[in-house]
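Encoded as structure tokens, the structure appears first; notes follow it.
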Amino acid sequence: MSLIKEYPISIFNSLTKEKEVFEPLIKDKVGMYVCGPTVYSDVHLGNVRTFMSFDIVFRYLKYLGYAVRYVRNITDVGHLVGDADEGEDKIAKKARLEELEPMEVVQKYTNGFHAVMRMFNIQEPSIEPTATGHIIEQIEFIKTIIGNGYAYETDGSVYFDVRKYHQDHEYGKLSGRNIDDMLSNTRTLSGQDQKRDPLDFALWKRADAGHLMQWPSPWGNGFPGWHLECSVMSTKYLGTTFDIHAGGMDLKFPHHEAEIAQNQGCCSKGGARYWMHANMLTVEGRKMAKSEGNGFTPEQLLTGNHKLLERGYSAMTVRFFMLMSHYASTLDFSNESLQAAEKGYKRLMVALKLSEKLPEPGTGKMDKEQSKDFKAPIDKAFTDLSNDFNTAKAIASLFDMASKINIIYQDPKKAASIDPKDFDWSIMHFQGIIKDVLGLHDETQEEGGMQVLDGVMKMVMELRKQAKFSKDYALSDQIRDDLKAKGVQIKDEKDGGMSYTID
RNA sequence: GGCGCUGUGGCCGAGUGGCUAGGCAGAGGUCUGCAAAACCUUUUACAGCGGUUCGAAUCCGCUCAGCGCCUCCA
């Protein structure tokens with residue numbers, strides 16, 4: 001039986017606000033779209049959390065055996081700076097500040113984004129389309145929406161007609177908003193006079209001659225509206241109806257609501273069938289955001305060079321920390337919890353390493369109960385992951401498995417009664433879930449000089465063994481203590497052997 | 001003002017009508033020349049007040065505290 005059938009996935013669907021069994025449109029294939037970054041500044045840890053959350057979804061779907069097309073866009077045009085900067089988008093604004101070509105800004109922060117994704121072991125999507133690369137498609141999309149009567153042109157700009165749309169469809173379903181409540185609460189923005197209704201949003205904005213990023217269109221020179229690209233590119237690469245659309249909670253309104261309206265308005269299909277929203281990373285209970293000034297860059301995280309950080313933390317520690325909570329809950333960042341996560345992460349890594357050198361199972365009389373008991377945590381981890389990607393629960397199960405591995409490593413006789421089939425299945429998936437699904441790896445084993453160090457350590461341990469053998473404890477302790485001071489922990493083992501770990 | 005969310009033991013953080021979450025920290029023990037690690041045992045819970053129920057941390061109501069979206073945001 002395939003893992004897909006054995007562990008059916010259920011997803012909390014933001015659209016219906018219910019947990020639903022996941023059934024892809026096409027058997028064993030999944031189309032998934034995630035709203036990517038706007039590349040006008042460095043990504044911070046809060047952004048990382050969202051992309052990591054959906055990295056788990058991507059990885060887990062693949063692990064179960066789905067063929068996944070994962071599309072995650074790069075927004076390189078279109079987001080307005082604010083009401084004071086009407087008609088000027090973020091990329092262009094930044095370009096002027098830094099005296100750069102807009103596409104230079106885009107390239108710089110796109111590179112930075114990719115570097116951060118690699119650092120946290122977040123996998124590349126199947127397709128990473130850019131908004132500027134799909135201007136033609138966006139113009140065509142707008143034409144169709146106008147043709148369907150859900151948009152109108154005013155003075156070189158095109159707006160989506162929310163009220164007209166709402167007569168035929170339901171605007172506000174995703175975000176739980178009532179169109180009439182919204183009307184009285186809409187803030188007065190400049191440029192609203194071009195709209196027939198304050199609720200309407202731009203599909204195409206006219207650009208002045210001085211605007212740095214602009215393209216010709218049937219409505220004159222301009223640039224696409226800031227919700228449009230996701231509708232266009234998801235439709236292009238995944239179809240008018242596809243499986244999963246995900247993004248940060250803060251995009252639910254207006255961005256995703258507008259997206260649904262555009263999809264319906266153009267194609268008479270709502271796009272994604274399952275909507276997923278990742279919750280925010282908070283600092284002292286407040287959302288981490290550029291505007292709050294409480295975000296830090298991954299470099300600062302590693303070095304600890306930020307007022308919020310007591311010291312540096314490794315990327316894998318942070319990854320593990322984030323996976324210890326559920327993606328739909330807010331997660332509060334603190335030094336204490338990072339430090340706790342660091343220790344737990346190392347504990348799991350030690351068990352992972354031990355899992356590669358376990359004794360031969362099933363050499364004695366097989367015990368069905370014990371075999372079943374041995375694989376239970378992994379079975380549970382799958383169930384947990386299939387239950388709306390609950391990494392927090394799955395990790396708890398992995399710790400149960402780690403205990404079992406430690407016990408068998410210390411007492412190899414315990415493996416004798418376990419069915420090799422169950423044993424191998426459990427160990428294979430213990431490793432697989434940690435490495436391939438959670439994307440965790442042992443950082444201490446990676447650095448280039450590790451092989452040299454390993455050789456040196458073997459020599460030092462041999463010397464210490466000799467000192468111990470001749471009961472020169474002063475020397476053996478000195479070796480251990482001095483190494484400890486340098487961050488290397490020597491461990492004596494039962495059979496007289498030694499091993500070491502690096503802090 | 002509208003829509004929504006959260007409040008769990010020393011800390012972080014799952015769960016959600018009856019069954020140990022887990023990690024970190026603390027205590028005791030086993031092992032060890034001594035450590036470390038591991039293993040075993042163990043202490044401290046569900047914001048407050050009402051209600052529904054045989055039974056609620058879990059459902060409902062109210063109160064308090066905090067947060068998010070409503071304007072770009074992951």
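In what follows, every chain begins at residue 1, and chains take the letters A, B, ... in the order their sequences are listed. These values consider heavy atoms only, across backbone and side chains, with no hydrogens, waters or symmetry-generated copies.
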For Watson-Crick and G-U wobble pairs within 3.5 Å on both distances, what is RNA chain B written in dot-bracket notation, | included for inter-strand pairing? (((((((..(((.....[...))).(((((.......)))))....(((((..]....))))))))))))....

What contact category does A:His277 fall into here, base, sugar-phosphate, or nothing, at under 4.0 angstrom with non-hydrogen atoms? nothing

Identify all pairs in which a protein N or O lies below 3.5 Å from an N or O of nucleotides 25-29 of chain B, and state each distance.
{"unit_1": "B:A25", "atom_1": "OP1", "unit_2": "A:Lys343", "atom_2": "NZ", "d": "2.9"}

Those residues that, when tested against A:His169, pass side chain to side chain contact (heavy atoms under 4.5 Å, CB included) (two or more places apart): A:Tyr150, A:Tyr165, A:Gln264

Distance-only donor-acceptor hits, side chain of residues 41-52 of chain A, under 3.5 Å, sequence neighbours excluded:
{"unit_1": "A:Ser41", "atom_1": "OG", "unit_2": "A:Lys290", "atom_2": "NZ", "d": "3.2"}
{"unit_1": "A:His44", "atom_1": "ND1", "unit_2": "A:Gly46", "atom_2": "N", "d": "2.9"}
{"unit_1": "A:His44", "atom_1": "ND1", "unit_2": "A:Asn47", "atom_2": "OD1", "d": "3.0"}
{"unit_1": "A:His44", "atom_1": "NE2", "unit_2": "A:Asn47", "atom_2": "OD1", "d": "2.8"}
{"unit_1": "A:Asn47", "atom_1": "OD1", "unit_2": "A:His44", "atom_2": "N", "d": "3.3"}
{"unit_1": "A:Arg49", "atom_1": "NH1", "unit_2": "A:Asn279", "atom_2": "O", "d": "3.2"}
{"unit_1": "A:Arg49", "atom_1": "NH1", "unit_2": "A:Met280", "atom_2": "O", "d": "3.2"}
{"unit_1": "A:Arg49", "atom_1": "NH1", "unit_2": "A:Ser329", "atom_2": "O", "d": "2.8"}
{"unit_1": "A:Arg49", "atom_1": "NH2", "unit_2": "A:Ser325", "atom_2": "OG", "d": "3.2"}
{"unit_1": "A:Arg49", "atom_1": "NH2", "unit_2": "A:His326", "atom_2": "O", "d": "2.9"}
{"unit_1": "A:Arg49", "atom_1": "NH2", "unit_2": "A:Ser329", "atom_2": "O", "d": "2.9"}

For residues 334-345 of chain A, which residue pairs qualify under salt bridge (charged side-chain N to carboxylate O under 4.0 Å, His left out), counting only residues two or more places apart or in two chains? A:Arg311-A:Glu342

For nucleotides 14-17 of chain B, give me every protein contact, N/O to N/O, under 3.5 Å, one pair per line with atom names.
{"unit_1": "B:A14", "atom_1": "OP1", "unit_2": "A:His326", "atom_2": "N", "d": "2.8"}
{"unit_1": "B:A14", "atom_1": "OP1", "unit_2": "A:Ser329", "atom_2": "OG", "d": "3.3"}
{"unit_1": "B:A14", "atom_1": "O3'", "unit_2": "A:Asn390", "atom_2": "ND2", "d": "3.4"}
{"unit_1": "B:G15", "atom_1": "OP1", "unit_2": "A:Asn390", "atom_2": "ND2", "d": "3.1"}

Hey, would you say the A:Phe296 and A:Phe333 ring centroids sit under 6.0 Å apart? yes

Considering only residues two or more places apart or on different chains, which pairs with a residue in residues 404-413 of chain A satisfy salt bridge (charged side-chain N to carboxylate O under 4.0 Å, His left out)? A:Asp373-A:Lys404, A:Asp411-A:Lys413, A:Asp411-A:Lys414

Would you say the base of B:C73 and the side-chain of A:Lys287 have a donor-acceptor pair closer than 3.5 Å? yes

Could you list the protein-to-nucleotides 36-39 of chain B atom pairs, N/O on both sides, closer than 3.5 Å?
{"unit_1": "B:A36", "atom_1": "N1", "unit_2": "A:Asp492", "atom_2": "O", "d": "3.3"}
{"unit_1": "B:A38", "atom_1": "OP1", "unit_2": "A:Arg347", "atom_2": "NH1", "d": "3.4"}
{"unit_1": "B:A38", "atom_1": "O3'", "unit_2": "A:Asn406", "atom_2": "ND2", "d": "3.1"}
{"unit_1": "B:A38", "atom_1": "O2'", "unit_2": "A:Gln410", "atom_2": "OE1", "d": "3.4"}
{"unit_1": "B:A38", "atom_1": "O2'", "unit_2": "A:Gln410", "atom_2": "NE2", "d": "2.9"}
{"unit_1": "B:C39", "atom_1": "OP1", "unit_2": "A:Ser403", "atom_2": "OG", "d": "3.2"}
{"unit_1": "B:C39", "atom_1": "OP1", "unit_2": "A:Asn406", "atom_2": "ND2", "d": "3.3"}
{"unit_1": "B:C39", "atom_1": "OP2", "unit_2": "A:Arg347", "atom_2": "NH1", "d": "3.3"}

Please list residues of residues 112-129 of chain A whose heavy atoms come under 4.0 Å from any atom in RNA chain B, ordered by number; otherwise none. none

Residues that A:Glu124 engages under side-chain hydrogen bond (donor to acceptor under 3.5 Å, both in side chains), provided they are two or more places apart: none

I want to check one thing: is the phosphate of B:A35, taken as OP1 and OP2, less than 4.0 Å away from some side-chain N or O of A:Arg480? no

Using the test ring pair (Phe, Tyr, Trp, His ring centres under 6.0 Å), find all partners of A:Tyr274 that sit at least two apart in sequence or belong to another chain. A:Phe22

For the residue pair A:Tyr60 / A:Ser386, report whether a side-chain donor-acceptor contact shorter than 3.5 Å exists. yes

Examine the side chains of A:Asn73 and A:Thr75 and answer whether a donor and an acceptor come within less than 3.5 Å of each other. yes

For A:Glu257, which residues count as a salt bridge (Lys or Arg N to Asp or Glu O under 4.0 Å) partner, sequence neighbours excluded? none

